[in-house]
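Just so you know, residue 1 is the first one in the sequence shown, and it goes up from there. Both counts, for ligands and for their atoms, begin at 1 and track the order of listing.
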Amino acid sequence: MSSVDIVGPEHLEASNLFYRDPELYDGVQSDSDSARICRALIDRHHPEARTLLDFGCGTGRDLERLAQHFDCIGVDLQPCLVDYARRTRPELDFRVGDIRTVRLGHTADALACLGNSLAYVHDNQDVQGAFQTFAAHAHPETLLVLCSPVAPIGPSCPQQTHVETPLGTATVTISYEWDLRTQINTMRRHWDFASGEEAHDVIRRRVLGPRELELYATQAGFDVVEITDESGVSSVTGPGAYTVARYRG
Ligand SMILES: C[S@@+](CC[C@H](N)C(=O)[O-])C[C@H]1O[C@@H](n2cnc3c(N)ncnc32)[C@H](O)[C@@H]1O
């Protein structure tokens, strides 16, 4: 299947308020549990792991927490996020790179791809490329921890939520569309800030079901050892899940 999606860094930056304002992104997501769950899954399945690569690391928020336990490198497609990550977390190692093609020239004990980063890769061939990237940075026993959407959030009435931001409370109106043909879940957000400013987002995420993830992982040389829900403790219910896979070489 091919898609007309453009997933270049400029396009991503334009599509998402968080990428245009990484400080806001960090602030709003500061209570994210991803790093803790990722660490717990690595402890459960590969407690000897010492080195970690985070693909699609964004602002480096999770990497900062993971770096308390692992020697880490973060990779992201968007130079603006990597600049921000380097500025705010100067002790960490961040690189600009595309998950579909990047080759750092070495492997790590654990590979992370958190916060739905893989979902920004829309085409099957590119998803295959991403898994080949994981394999290129793996040695036997390397553990992959992937957090991604496994089921769509269906169309519903727009939902409203309130988000605390450094600019005050914002009212965010969110709606979803689901395209079964492309398996793209589109989220539209309208932001109303207390200041009277407004912003719009259109975020398009590819959904891959558990069996599809298993297939891509297996083809790239990984065996799935667990797929768990977003709490990291019970069986998968969607819409997001953690897939944990071990490289067999
Ligand atoms: C929703 S953010 C998640 C960021 C971070 N993992 C987190 O949880 O905060 C998705 C990230 O994936 C990155 N991304 C999208 N496509 C990518 C690609 N082809 N290669 C590398 N990173 C990519 C984006 O730049 C963005 O930082």
Quick check on [X] - does any of its heavy atoms sit under 4.0 Å from an atom of ligand 1?
{"X": "Cys147", "value": "no"}
{"X": "Asn116", "value": "no"}
{"X": "Tyr19", "value": "yes"}

Which atoms from ligand 1 have a heavy atom of [X] less than 4.0 Å away?
{"X": "Tyr25", "answer": "1 (C), 2 (S), 3 (C), 4 (C), 7 (C), 9 (O)"}
{"X": "Gly115", "answer": "1 (C), 2 (S), 3 (C), 8 (O)"}
{"X": "Ile99", "answer": "18 (C), 19 (N), 20 (N), 21 (C)"}
{"X": "Gly56", "answer": "4 (C), 5 (C), 6 (N), 11 (C), 12 (O), 22 (N)"}
{"X": "Arg61", "answer": "7 (C), 8 (O), 9 (O)"}
{"X": "Cys57", "answer": "5 (C)"}
{"X": "Gly58", "answer": "4 (C), 27 (O)"}

Are any of the N or O atoms of Tyr120 closer than 3.5 Å to those of ligand 1? no
Under 3.5 Å: N/O of Leu81 near N/O of ligand 1: no
Counting only N and O atoms by type, is there a donor-acceptor contact under 3.5 Å from the side chain of Thr142 to the main-chain atoms of Ala108? yes
Please state whether the rings of Phe193 and Trp191 are parallel, tilted or perpendicular, taking 30° and 60° as the class boundaries. parallel
Quiz item: cation-pi between Arg205 and Tyr176, 6.0 Å / 45°: no
